[in-house]
Amino acid sequence: MKKIVIIGGGIAGLAAAYHIHEEISKSTPVACTLLESSEKFGGKISTMRFDGFIVERGPDSFISQKPQAIELCKKLGLEDRLTGTSPDHPNTYVCLKNKLVTMPDGLSLMIPTKFMPFIFSPLFSWLGKIRMGMDLLIPKKKNNDDESLASFVRRRMGKEALEKMAEPMLAGIYASDPELMSINSTFPMFVQTEQKYRSLILGMLARKRQQMIHQTKVPKGKQPFSLFMTLKNGLDEMVETLVEKATNITFRAGTKVMDLSRAEEGWRLTLNDGSFINADAVILATPAKISAHLIEQTSPKVASLLNRIRYVSTATVSIAYKKEGFPHSLDGFGFVVPKKEGKRILACTWTSSKFPERVPEKHVMLRCFVGGAMREELAELDEDAIATMVREELLDIMGIDCEPVFLKVFKYKKSNVQYQVGHASLIKSIREELQSFPGLFVTGSAYTGIGIPDCIRDGMNTAKEAIEFLTNKTNT
């Protein structure tokens with residue numbers, strides 16, 4: 001029987017394992033083991049539950065427009081556990097001069113799709129609005145060469161749209177410097193929209209019309225998913241259920257791979273307890289820097305390419321208060337902070353407004369984001385310093401001066417991958433070089449998308465490649 005070993009128990013590795021589990025259930029003769037160095041599966045997906053609170057250390061939701069996460073939840077029998085954002089507080093704000101300014105209705109990411117709310121919004125100056133409107137007239141780019149997010153937005157929408165919207169919102173998703181991040185690898189939909197419709201505004205209006213037509217076809221009583229979805233008891237539900245139901249997979253936590261080398265038939269893994277595992281195929285579902293370390297002796301060139309993928313440090317701070325006496329109405333999902341405001345937080349999600357079921361009655365909960373490519377040093381401070389800093393910023397921006405019920409800091413040192421200009425070409429080079437090493441595959445957030453649906457898609461596709469490789473090997 002052929003053997004596959006998956007190294008890394010984050011969501012990409014788990015998705016790969018689940019696909020292999022399904023294939024084994026269809027009588028594919030494969031044995032699969034997943035090795036995770038920590039004591040817990042899920043990677044950045046990690047949920048704390050206490051005193052009626054549900055606190056996410058890492059991501060708190062996933063985007064529904066990419067279907068892979070929802071499809072996996074359905075396979076796992078978790079469809080009835082899916083829940084969306086509250087419809088009661090849909091506003092999002094931008095912090096400008098210590099005031100929270102509402103994003104205008106109809107603003108899709110950074111693209112205005114409703115005329116009147118945009119015209120009367122105090123968020124942009126009149127010159128900024130005129131410049132954004134010029135998107136309707138500007139010709140499309142003549143080639144598909146990669147460019148930075150900053151270059152793309154300045155070219156299409158102007159400097160103000162970059163500073164007040166794209167940098168805090170779009171670059172904030174990746175904790176990246178917009179001057180360096182690849183538009184082709186992070187927001188290809190914008191590139192595709194420009195090429196197809198010439199104008200981003202015209203393209204987004206066409207997309208909204210298509211969505212409205214689609215919604216009219218949705219059967220009565222079946223509500224469309226909200227943009228962001230999660231699970232009622234936290235995203236750990238997905239991880240815990242997958243490990244429980246993938247009965248054809250051997251899951252081993254607390255097992256670190258110390259060395260990976262080629263064997264006469266396939267690959268040989270040396271583990272931290274001194275034992276060995278032989279495998280016909282190996283899937284590296286680890287961060288690029290760890291994958292580079294494991295493959296360095298076998299292929300210095302692949303390791304060098306992997307080490308070109310940059311990571312930065314971030315931190316999140318979850319903080320709860322009693323609702324009585326709390327000085328803010330929290331009438332929205334939170335706010336983002338442009339860099340030019342000079343603040344020390346990137347954004348703040350009002351968790352108790354976004355996902356009310358995660359907070360017990362008579363309490364509110366916020367989640368602040370720190371660090372990233374442009375303020376990385378702040379995420380590398382000690383936890384007490386980060387906690388003090390966040391409380392000072394919340395006092396300054398929201399007037400919160402009451403004592404928290406709890407405050408928890410979660411640090412991620414060099415854990416957030418950066419998709420810089422030319423990222424797609426770099427990943428193509430890595431995959432081409434790996435063809436010289438049959439049976440070795442890579443997957444995870446470092447390659448084709450950082451979101452949970454992206455990682456699930458990449459993990460499952462990689463598992464398909466590994467099974468196809470083994471099938472072809474068996475037949476030759």
Side-chain angles (χ1 to χ4, degrees), residues 3-24 30-48 56-59 62 68-69 72-73 75-76 78 231 234-260 267 269-273 275 277 279 281-295 306 311 410 412-417 440-447 449-464 466-467:
K3 295 180 182 178
I4 300 177
V5 173
I6 301 169
I7 306 175
I11 191 60
L14 292 173
Y18 195 78
H19 179 78
I20 294 168
H21 158 78
E22 290 183 307
E23 291 303 307
I24 294 172
V30 172
C32 179
T33 299
L34 184 147
L35 308 175
E36 166 57 39
S37 62
S38 74
E39 295 299 329
K40 183 186 176 301
F41 300 105
K44 282 187 179 178
I45 296 177
S46 180
T47 308
M48 298 178 68
E56 299 284 12
R57 295 171 179 266
F62 50 80
Q68 292 83 4
L72 178 58
C73 287
K75 287 181 180 180
L76 295 173
L78 293 173
L231 290 161
L235 288 178
D236 253 1
E237 279 195 273
M238 187 191 303
V239 173
E240 293 160 355
T241 306
L242 188 152
V243 173
E244 177 188 336
K245 293 201 171 185
T247 52
N248 295 318
I249 308 298
T250 300
F251 292 96
R252 292 179 59 178
T255 306
K256 186 175 182 179
V257 178
M258 307 303 292
D259 182 63
L260 173 65
W267 298 86
L269 295 81
T270 306
L271 307 183
N272 54 340
D273 62 1
S275 64
I277 296 179
V282 174
I283 296 174
L284 294 174
T286 44
K289 56 191 174 182
I290 296 176
S291 298
H293 174 71
L294 288 172
I295 201 175
L306 287 167
Y311 288 77
F410 306 110
Y412 294 95
K413 187 172 176 64
K414 300 294 184 185
S415 294
N416 281 67
V417 68
L440 186 62
F441 305 89
V442 294
T443 188
S445 63
Y447 306 104
I450 65 166
I452 291 174
D454 298 308
C455 291
I456 291 170
R457 183 202 68 240
D458 198 58
M460 289 193 165
N461 286 342
T462 305
K464 290 175 188 176
I467 289 174

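Residue numbers run from 1 in the order of the sequence given.
Lys75 places no side-chain N or O within 3.5 Å of a backbone atom of Tyr18 that could act as its donor or acceptor partner. Listed for the Thr270 side chain is no donor-acceptor partner under 3.5 Å among the backbone atoms of Met258.
With a 6.0 Å radius and a threshold of 12 heavy atoms from other residues, nucleotides or ligands, Lys256 has its NZ atom at or below the threshold. Within a 6.0 Å radius of NZ in Lys289, more than 12 heavy atoms belonging to other residues, nucleotides or ligands are found.
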Let me see the working for Asp236 and Arg57 under salt bridge (Lys or Arg N to Asp or Glu O under 4.0 Å), right down to the final yes or no.
CA-CA 10 Å; Asp236 253 1; Arg57 295 171 179 266; over 6 Å; no
Verify side-chain contact (heavy atoms from CB on, under 4.5 Å) between Cys73 and Met238, making sure each step is shown before the conclusion.
CA-CA 7 Å; Cys73 287; Met238 187 191 303; 3.7 Å; yes
The test is side-chain contact (heavy atoms from CB on, under 4.5 Å); show your working for Ile467 and His19 and say whether it passes.
CA-CA 10 Å; Ile467 289 174; His19 179 78; 4.2 Å; yes
Between Ile6 and Ile249, does a side-chain contact (heavy atoms from CB on, under 4.5 Å) hold up when you go through it step by step?
CA-CA 10 Å; Ile6 301 169; Ile249 308 298; 5.8 Å; no
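Between Leu242 and Phe41 there is no side-chain heavy-atom pair separated by less than 4.5 Å. In this structure, Asn272 and Thr255 have side chains that are in contact, with non-hydrogen atoms separated by less than 4.5 Å. Under the 4.5 Å side-chain criterion, counting only non-hydrogen atoms from C-beta, Phe62 is not in contact with Ile45. Annotation: side chain of Val239 is not in contact with side chain of Thr47 (no heavy-atom distance under 4.5 Å). Inter-residue side-chain proximity for Leu235 and Ile452 is flagged as met; some heavy-atom pair is nearer than 4.5 Å. Side-chain atoms of Leu294 and Val282, non-hydrogen and from C-beta on, never get closer than 4.5 Å to each other. Looking at heavy atoms from C-beta onward, Leu271 lies in side-chain contact with Arg252 at the 4.5 angstrom threshold.
A cation-pi arrangement, defined by a distance under 6.0 Å to the six-membered ring centre and an angle within 45 degrees of its axis, is present between Lys44 and Tyr412.
Annotation: the span from Ile7 atom CD1 to Leu260 atom CG amounts to 5.5 Å, rounded to 0.5 Å. A distance of 6.0 Å separates CD of Glu22 from CE of Met460, quoted to the nearest 0.5 Å. Interatomic distance, OG1 of Thr247 versus CD1 of Ile24, reported as 9.0 Å (0.5 Å rounding). Atom CG in Leu231 sits 6.0 Å away from atom CG in Leu78 (nearest 0.5 Å). Atom CZ of Phe251 is separated from atom CG of Leu35 by 11.0 Å, given to the nearest 0.5 angstrom. If you take OG1 on Thr443 and CG on Asp458, they are separated by 3.5 Å, rounding to the nearest 0.5 Å.
Of the options Thr250, Leu14, Val5, Ile4, a side-chain contact (heavy atoms from CB on, under 4.5 Å) to Leu34 is made by Leu14 and by none of the others.
Ile20 and Ala463 make their closest contact through CG1-CB, 3.9 Å (heavy atoms, listed as atom of the first residue, atom of the second, distance). Between Ser291 and Tyr447 the shortest heavy-atom distance is OG-OH, 4.4 Å.
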